[in-house]
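Contents: one structure, followed by commentary.
Everything numeric in this text was worked out from a predicted model, so none of it was measured.
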Amino acid sequence: MKRSHHCGELSLDHVGQTVTLAGWVASRRDHGGVRFIDLRDRYGLTQIVFDSEHEPTVHQLADRLRNEYVVTVTGKVTLRPEGSANPHIPTGAIEIRTTSLIILNEAKPLPFALDDTITTSETLRLKHRYLDLRRPRMQALLQLRSQVSHLVRQYLHANQFIEVETPILTKSTPEGARDYLVPSRVNPGEFFALPQSPQLFKQILMIGGTDRYYQLARCFRDEDLRLDRQPEFTQIDVEMSFVDQEDIINLIEHMVRLVFKETKNIDLPTPLPRLSFEDAMGRYGTDKPDLRFDLQLQDLSQFAATCDFKVFRSAVESGGIVKALVIPGGNDFTRNRIDNLIDTAKEFGAKGLAWVKVNEEGNLDSSIAKFFNAQALREALPSAQPGDLLIFVADQAPIVHQVLGRLRLLLGEELQLVDQNRWEPLWVVDFPMFEYDDAAKRFVALHHPFTAPHPQDMPLLETDPLQIRTQAYDLVLNGFELGGGSIRIHAPQVQSKVFDLLNISKTEAREKFGFLLDALESGAPPHGGIALGLDRLVMLLGKTESIREVIPFPKTQKAQCLMTEAPSPVTLEQLQELSIRTTAKKPDSPL
RNA sequence: GGGGCCGUCGUUCAGCUAGGUUUAGGACGCCAGAUUGUCAAUCUGGAGGUCGCGGGUUCAAAUCCCGUCGGCCCCGCCA
C-alpha cells in the first residue's frame, strides 16, 4: 500500500479525503478507548487516532505500537475537535481517523531518545547514526547541505563551468599533509595515494583546454582532527583559464552571497571586505581573523623604543615589536585572573606578559607603571579608557602576533564580545610566497608551490624571496578559513625556479610531477582557481557546534568510524595478496 | 608526540572535594495494569547498575592514588 501523502503536508484543505501515510512512530499516547500516535517522516509529523468505538480492530492492533515502529496507515483526514488543535506543528489542525494499520517493521527499545531537545553523547549518536539521522534536526542539516551543493552546481553551470571527476586513486604528493595510501595488488610494493586535493588535475584540465572546471571534490588528509577538520572532506573546487585574481574573487563572492541569501536569507556585503595578509596579522594576529568583535592589536613599538622599561626597549632594539590589547573593563580583573593570562601567554610562546590597569581616575596601576610616562602611553594608546586593562607582548613580530592573536580570541569568548548573529566574511589577500623554516633551513611555500607571485614582485625571486607576495586569496568567515586559492604559475621557468627555492631537486620534481612540468611546456594558459570547504560552509550556515554535525558519517578524533568500526584489521591473506606486512603489534592484529 | 576536561541503570543527571549516611538515588525511557482527546498525556505497580577497565591504599573505595581504554577540546601537525 503506497503512501498518498507525506507526514508534513496535510492541512484543513485535505479534510474529508482518505489518505495513506507511512513513517515511524515518533510517540504514542494511550488513553484506553482512544490512542494517538505521532507519525513521523522526513517531512513532518501527523497525528493518527485509533478509536475503539469506530474501528475496534485497528484500535486493538495499535496497542502493539512502540516508538520507531514503521507503519503505514490509511484513514480519513478530519478536523480536530474544538480546543484540541496543536498550534506548534504545521499539521496541528487535522488528524487521521484510521481505518487500516499495517505494521511494516518493529523496533527494539531505543538506546537514546530521538527528541531534538534531549542531549545525548555524541559517541552514542555516532554509533547508532541511523537513529540519530532520523531526528528532524539532522534531516534539516542533510537537506541544507544538499541545498548548498545544488545552488553551487546551478550557479557554476550557469557560468559555463564543466563538472569533471578527477581520480581518487592517484599519486602521493610531497610538501603537504600526510597521504592516505592504497596498496596496488598488481604492482606489488607500490601505492596509490588518495588526493589531498585535485590541485594538479585541475591545472592539467586547464592545460587540457577545459577553460572552466569545477567539482565537489572529496579530499583526504591523514592529519589529526579538530572540530572543523575531518580526514575526508568535500571541497568546492574551481579552476578557470585566462583570468586574474579579481575574476575569481568576483565569481566566488557572487556564489557565496547567493548561497547565504537562498538558504538563510542572509545578505552579505557587496563587495566583501578585504585585508592584506600583513594587516590581518598586524591587527588580529592571524590570517583568519574573526571580525565579529573588534579588540585589535595596537602597535606600541615607537612608544616602547623610548620608554624606560628595559624589556620593551630591548625587544625593539633587537628588531622586535611591542603590541598591546586594550581589554575593556579589564580593570576589575583579579590578580589571579591576570596570572592565568600570563600563563596562557607563555603557553602560546611569549616570554612574558606585561600588564597595566588604567584605574577609574585614569592613572596607571601596575608594578611596571613607574617605567612609563603616563602621558606618552595615553598618546600611543588613545583607545585606552579608565577602567581598562592593557596587556603587552614584546618579542619578534611572529610571536607577538601569535600570542596576542590567540589571547584576543580567548578574551573575545570569555568577555562575550562575539555577537553570534553577525556574519563577517572577508578576503585575506597578498600572502607572502615563502616562509623560512628555521628547523629545516629552507623556504617553505605558504600556500602551495604552484602559486604565482605578483608580477611586480617577480624580480625578487632572484634577490629576496621572503619579500615576494603572491596572487593568493583566502575567504574567511567568522574566524574560520572557508577556502583559498591563487593564480597559478603557468611559465615552466618560473615553476622550476620555485622548486629550486623550495629545495626540491630537479630529479625529485621530475619524479613527483614531471607530468605537470611537461604540461606547462606544452602551451599552458594563464589560470587560477580556488577551493572552498563545503563542510565548513554548511557548518557555519547551520550554526552547528562541529563539522561532524554536517557530515552524515563522520570520524572521531582518532579517525575512526564508531558505526562501522573502521579502520579494522584485515586477514593475513588480504595482506599477502597485497605484498604487505605490518609491524603493528595489536592484540587483535592478524599477525 | 604533548596539555586539559569527561566516563555512574537503556538515556540523562546527582552522589566524589568529608571514604562508612547507599540495599548507589532522581527524571526520562522500558515492562504490566488503568484510562475516550492527548500532543513533555496522566495514574498505579515493576524490572533495570560488576559506578569504563585493571591494579593499589584502607577495616571499608563510585569516592583517594597509579595505570589503561574510550570520547571531546586544544597545541604540534593540517603546503
Separation between the C1' atoms of G2(B) and U17(B), rounded to whole Å = 28 Å
Below 4.0 Å: OP1/OP2 of C31(B) and any side-chain N or O of R66(A) | yes
Rounded to whole Å, NZ of K127(A) lies from C1' of G71(B) at a distance of 12 Å
To the nearest angstrom, how far is R226(A) atom CZ from C77(B) atom C1'?
-> 7 Å
Could you list the donor-acceptor pairs under 3.5 angstrom formed by side chains in residues 340-353 of chain A, with sequence neighbours left out?
| residue | atom | partner | partner atom | Å |
| --- | --- | --- | --- | --- |
| T344(A) | OG1 | N340(A) | O | 2.7 |
| K351(A) | NZ | D395(A) | OD1 | 3.3 |
| K351(A) | NZ | D395(A) | OD2 | 2.8 |

Whole-angstrom distance between C9(B) and U22(B), as gauged at atom C1' | 15 Å
A85(A) near the nucleic acid: base, sugar-phosphate alone, or nothing, with a heavy-atom cut-off under 4.0 Å?
-> base
For ring pair (Phe, Tyr, Trp, His ring centres under 6.0 Å), just list the numbers for H59(A) and H54(A), CA-CA rounded to whole Å, side-chain angles, deciding distance to a tenth of an Å, and then say yes or no.
-> CA-CA 9 Å; H59(A) 171 267; H54(A) 298 98; over 10 Å; no
Using the P atoms only, state how far C16(B) lies from U21(B), rounded to an integer number of Å.
-> 12 Å
Between A79(B), G71(B), C72(B), which nucleotide has the shortest distance from any of its atoms to the side chain of T123(A)?
-> G71(B)
Rounded to the nearest 0.5 Å, how far does OG of S52(A) lie from NE2 of H31(A)?
-> 12.5 Å
Looking for any heavy atom pair under 4.0 Å, which part of the strands does I89(A) touch: base, sugar-phosphate only, or nothing?
-> nothing
Whole-Å distance, D474(A) CG to C78(B) P, equals 15 Å
With C1' as the reference atom in both, quote the distance from A27(B) to C53(B) in angstrom, rounded to an integer.
-> 28 Å
Assign L126(A) to base, sugar-phosphate, or nothing according to its heavy-atom contacts below 4.0 angstrom with the strands shown.
-> nothing
Tell me, yes or no, whether the heavy-atom count around E122(A) atom CD, taken from other residues, nucleotides or ligands under 6.0 Å, exceeds 12.
-> yes
Test the R408(A)-F293(A) pair against the cation-pi criterion, namely NZ or CZ under 6.0 angstrom from the six-membered ring centroid and within 45° of the ring axis.
-> yes
Rounded to whole angstroms, how far apart are NZ on K558(A) and P on C74(B)?
-> 18 Å
Between R125(A) and G71(B), does any side-chain N or O lie under 4.0 Å from OP1 or OP2?
-> no
Select base, sugar-phosphate, or nothing to describe what N67(A) touches, counting heavy atoms under 4.0 Å on all strands.
-> sugar-phosphate
Please work out if T451(A) contacts a base, only the sugar-phosphate, or nothing of the nucleic acid, heavy-atom cut-off 4.0 Å.
-> nothing
Electrostatic pair R178(A):E223(A) at N-O distance under 4.0 angstrom = yes
Donor on one side chain, acceptor on other, R488(A) and S486(A), under 3.5 Å | yes
Considering only nitrogen or oxygen atoms on both sides, find all protein atoms under 3.5 Å from nucleotides 46-48 of chain B and state each distance.
none

Provide, to the nearest angstrom, the distance between the CG atom belonging to D287(A) and the P atom belonging to C78(B).
-> 14 Å
Interatomic distance, R64(A) CZ vs C31(B) C1' [rounded to whole Å] = 16 Å
Would you kindly say whether D237(A) and Y213(A) are connected by a side-chain donor-acceptor distance under 3.5 Å?
-> yes
Shortest non-hydrogen contact between T166(A) and P198(A), atoms and distance = OG1-CB, 3.5 Å
Which is true for P81(A) with a 4.0 Å heavy-atom rule: it touches a base, it touches only sugar-phosphate, or it touches nothing?
-> base
Whether H447(A) stacks on the six-membered ring of A79(B) base, 5.5 Å and 30° limits = no
Are H454(A) and Q471(A) close enough that a side-chain donor and a side-chain acceptor fall under 3.5 Å?
-> no
List the atom of L517(A), the atom of Q495(A), and the distance in Å for their closest heavy-atom pair.
-> CD2-CG, 3.9 Å
Among residues 398-405 of chain A, which residues get a heavy atom nearer than 4.0 Å to RNA chain B?
-> none
Quick note, S121(A) side chain, CB onward, closest among C74(B), C39(B), U12(B) is U12(B)
Do nucleotides 3-8 of chain B as a string where each nucleotide becomes B, S or -: B if the base has a protein heavy atom under 4.0 Å, S if just the sugar-phosphate does, - if no protein is that close.
-> ------
Answer yes or no for this row: F36(A) ring on U38(B) base, centroids under 5.5 Å, planes under 30°.
-> yes
Looking only at non-hydrogen atoms, find the nearest pair between T98(A) and V49(A) and report the distance.
-> OG1-O, 2.8 Å
E223(A) CD to C78(B) P, straight-line distance once rounded to whole Å | 6 Å
Check every strand shown and say whether R28(A) touches a base, only sugar-phosphate, or nothing at a heavy-atom separation below 4.0 Å.
-> sugar-phosphate
Take F192(A) and Y180(A) through the test ring pair (Phe, Tyr, Trp, His ring centres under 6.0 Å) and record every step on the way to the result.
-> CA-CA 8 Å; F192(A) 294 104; Y180(A) 276 100; over 10 Å; no
Considering only the C1' atoms, how many Å lie between A14(B) and G26(B), rounded to the nearest integer?
-> 7 Å
Mind checking the P distance from G67(B) to U50(B)? Whole angstroms is fine.
-> 27 Å
Assign R178(A) to base, sugar-phosphate, or nothing according to its heavy-atom contacts below 4.0 angstrom with the strands shown.
-> sugar-phosphate
Looking only at heavy atoms, the pair that brings L200(A) and L516(A) closest together is CD2-CD2, 3.8 Å
Euclidean distance for P, A62(B) against G56(B) (whole angstrom) = 15 Å
Indicate whether OP1 or OP2 belonging to C78(B) is found under 4.0 Å from a side-chain N or O atom of Q196(A).
-> no
Quick one: pull up CZ in R469(A) and CG in L446(A) and give me the separation to the nearest 0.5 Å.
-> 14.0 Å
Please work out if E95(A) contacts a base, only the sugar-phosphate, or nothing of the nucleic acid, heavy-atom cut-off 4.0 Å.
-> base
For the side chain of Q47(A), counting heavy atoms from C-beta on, which of U36(B), G76(B), C39(B) is nearest?
-> C39(B)
RNA chain B contacts made by residues 547-556 of chain A, counting heavy atoms under 4.0 Å = R548(A), T556(A)
Pairwise C1' distance for C69(B) and C78(B), with rounding to whole Å = 27 Å
Hey, do the aromatic rings of F513(A) and F450(A) have their centres closer than 6.0 Å?
-> yes
Integer-rounded Å distance: U36(B) P and E53(A) CD = 11 Å
Any Q560(A) side-chain N or O less than 4.0 Å from OP1/OP2 of G70(B) | no
Of all pairs that satisfy side chain to side chain donor-acceptor pair (under 3.5 Å), the ones with a partner from residues 77-95 of chain A, not counting sequence neighbours = Q47(A)-E95(A)
What about R229(A), does its side chain sit under 3.5 Å from the base of C78(B) through a donor-acceptor pair?
-> yes
